[in-house]
> 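My questions all concern the structure below.
In the text below, chain A, chain B and the rest are named by the order of the sequence lines, each starting its count at 1.
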Protein chains: 2
Amino acid sequence: MFITLDLESEEPIYTQLKNQIIAGIAKKELSPGEALPSVRALAADLGINLHTVNKAYQQLKQEGFILIHRQKGVVINPDGVPKADAVYWTELSAKIRPLIAESVCKGVSEAEFQELCHQIFAEFYQ
Amino acid sequence: MFITLDLESEEPIYTQLKNQIIAGIAKKELSPGEALPSVRALAADLGINLHTVNKAYQQLKQEGFILIHRQKGVVINPDGVPKADAVYWTELSAKIRPLIAESVCKGVSEAEFQELCHQIFAEFYQ
DNA sequence: TAATTGTTATACTATTAATATAACAGATAA
DNA sequence: TTATCTGTTATATTAATAGTATAACAATTA
């Protein structure tokens with residue numbers, strides 16, 4: 001599980017970190033129960049601050065991706081990630097809608113959009 | 001063309017404004033060449049500051065959705081919105097990828113995801 | 001001449017992102 | 001016992017962004 005950060009990006013560091021861990025779980029590079037580095041170890045490894053890693057971990061915990069034991073450390077949720085519920089579908093729609101609106105304006109067909117999504121799904125099913 | 005803002009939202013006001021104008025173009029509620037309110041008029045109408053509207057307009061201009069004539073006002077691009085190019089496809093992928101990664105983690109199948117996209121596309125082709 | 005247009009400039013408040021230290025409490029290893 | 005490591009909490013600072021508030025400018029139009 002490699003993590004690469006773009007410190008010049010407009011995307012906050014903690015968001016990049018969150019998304020890469022989520023991608024790692026989706027690609028099964030990270031398995032349920034598997035340990036993640038401590039906040040201090042990962043911060044040192046990535047050359048960033050302890051609190052930036054902690055912010056990413058706290059949000060991942062809040063969303064059910066990981067568990068944090070006070071003295072044992074951080075692990076990928078052994079029970080798996082909570083399944084999509086109605087709230088998640090609503091939030092997902094709200095995130096995708098502006099992307100589709102812009103695509104429609106720019107002449108992207110539904111088939112082209114679906115093909116792009118298909119290719120991205122394939123990245124997670126290797 | 002109705003615009004509704006959620007001043008409590010974490011989404012910046014100028015972003016909400018941008019997205020609703022883009023959605024208006026996608027739904028053909030706004031046609032090429034059609035005039036938009038002046039920055040002052042729209043700001044007064046929405047109860048927000050002139051500069052917030054101006055920021056949205058400037059970004060829409062930068063991305064080719066609208067034209068701004070110094071004394072004539074603001075119009076939807078009469079030549080239509082620039083078609084998707086390689087850069088746009090790359091940016092679109094980067095925005096969709098984390099959404100798909102999270103969906104995969106939460107047990108959403110590709111078919112379910114595609115169906116959601118299909119329904120959203122349908123909103124723009126009524 | 002007066003009003004309206006986009007534009008620019010300055011200033012201020014509030015929030016967020018990121019960093020820097022420091023300390024605490026509980027568990028574990030020497 | 002002591003030292004170390006864990007997540008956690010607290011405080012402080014810097015930088016950037018979002019939003020607002022005025023004010024003024026230049027060009028067009030009524």
> Is B/His69 touching bases, backbone alone, or none of the nucleic acid, heavy atoms closer than 4.0 Å?
sugar-phosphate

> Given D/dC5, is OP1 or OP2 found less than 4.0 Å from the side-chain N or O atoms of A/Ser38?
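So the side chain of A/Ser38 is outside the cut-off, no N or O lying under 4.0 Å from OP1 or OP2 of D/dC5.
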
> From CD1 of B/Ile48 over to P of D/dT20, roughly how many Å is that when rounded to an integer?
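Spelled out: CD1 on B/Ile48 to P on D/dT20 is 6 Å.
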
> Residues from residues 53-65 of chain B sitting under 4.0 Å of DNA chain D, heavy atoms only?
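Output list: B/Lys55.
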
> Can a side-chain donor-acceptor contact be found between B/Asn19 and A/Glu102 if the only test is distance below 3.5 angstrom?
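Distance-only check fails for A/Glu102 and B/Asn19.
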
> Let me know the distance between CG of B/Leu42 and C1' of C/dT4, rounded to the nearest Å.
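Checked: the CG to C1' distance equals 16 Å.
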
> Go through the steps for B/Leu36 and B/Leu42 under the test side chain to side chain contact (heavy atoms under 4.5 Å, CB included), then give the verdict.
CA-CA 9 Å; B/Leu36 288 180; B/Leu42 186 52; over 6 Å; no

> Can you tell me the distance, in whole Å, between the CG atom of A/Asn49 and the P atom of D/dA12?
17 Å

> State whether the side chain of A/Glu34 and the backbone N or O of A/Ser31 hold a donor-acceptor pair below 3.5 Å, judged by distance alone.
yes

> Over how many whole Å does the gap from B/Lys18 atom NZ to D/dT17 atom P extend?
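In whole Å, D/dT17 P lies 15 Å from B/Lys18 NZ.
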
> Just how far, in rounded Å, is P of D/dG7 from CG of A/Leu50?
9 Å

> Round to the nearest Å and state the distance from B/Leu46 atom CG to D/dG19 atom P.
13 Å

> Between B/Tyr14 and A/Val39, which has a closest nucleotide on DNA chain D that is more 5'?
A/Val39

> Could you please spell out the steps behind the side chain to side chain contact (heavy atoms under 4.5 Å, CB included) verdict for B/Thr4 and B/Gln20?
CA-CA 8 Å; B/Thr4 58; B/Gln20 291 195 36; 3.9 Å; yes

> Between P on C/dA25 and CD1 on A/Ile68, what's the gap in Å once rounded to a whole number?
20 Å

> Could you check A/Lys18 against A/Lys55 for side chain to side chain contact (heavy atoms under 4.5 Å, CB included), going step by step and ending with a plain yes or no?
CA-CA 9 Å; A/Lys18 269 186 68 179; A/Lys55 185 169 184 176; over 6 Å; no

> Rounding to a whole Å, what distance do you find between A/Leu5:CG and C/dA18:P?
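To the nearest whole Å, that distance equals 10 Å.
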
> Evaluate B/Glu11 against B/Gln16 for side chain to side chain contact (heavy atoms under 4.5 Å, CB included), listing each step before the verdict.
CA-CA 7 Å; B/Glu11 188 179 27; B/Gln16 295 180 46; 3.4 Å; yes

> Hey, does A/Pro78 have a side-chain heavy atom less than 4.5 Å from the side chain of A/Leu67?
yes

> Distances under 3.5 Å only, N/O to N/O: pair up the protein atoms with those of nucleotides 25-30 of chain D.
from, atom 1, to, atom 2, distance (Å)
D/dA27, O4', B/Gln71, NE2, 3.1

> Specify the residue among A/Pro12 and A/His51 whose closest nucleotide of DNA chain C lies further upstream toward the 5′ end.
A/Pro12

> Tell me which of B/Gly73 and A/Thr52 sits closer to the 5' end of DNA chain C, going by the nucleotide each one is nearest to.
B/Gly73

> Testing A/Tyr88, A/Phe121, A/Phe113, A/Phe124 for ring pair (Phe, Tyr, Trp, His ring centres under 6.0 Å) with B/Phe113, which one passes?
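For B/Phe113, the ring pair (Phe, Tyr, Trp, His ring centres under 6.0 Å) check succeeds only for A/Phe121.
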
> Would you please say whether a donor-acceptor pair under 3.5 Å links the side chains of B/Gln119 and B/Glu115?
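Checked: B/Gln119/B/Glu115 side chains pair up, N/O donor to acceptor below 3.5 Å.
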
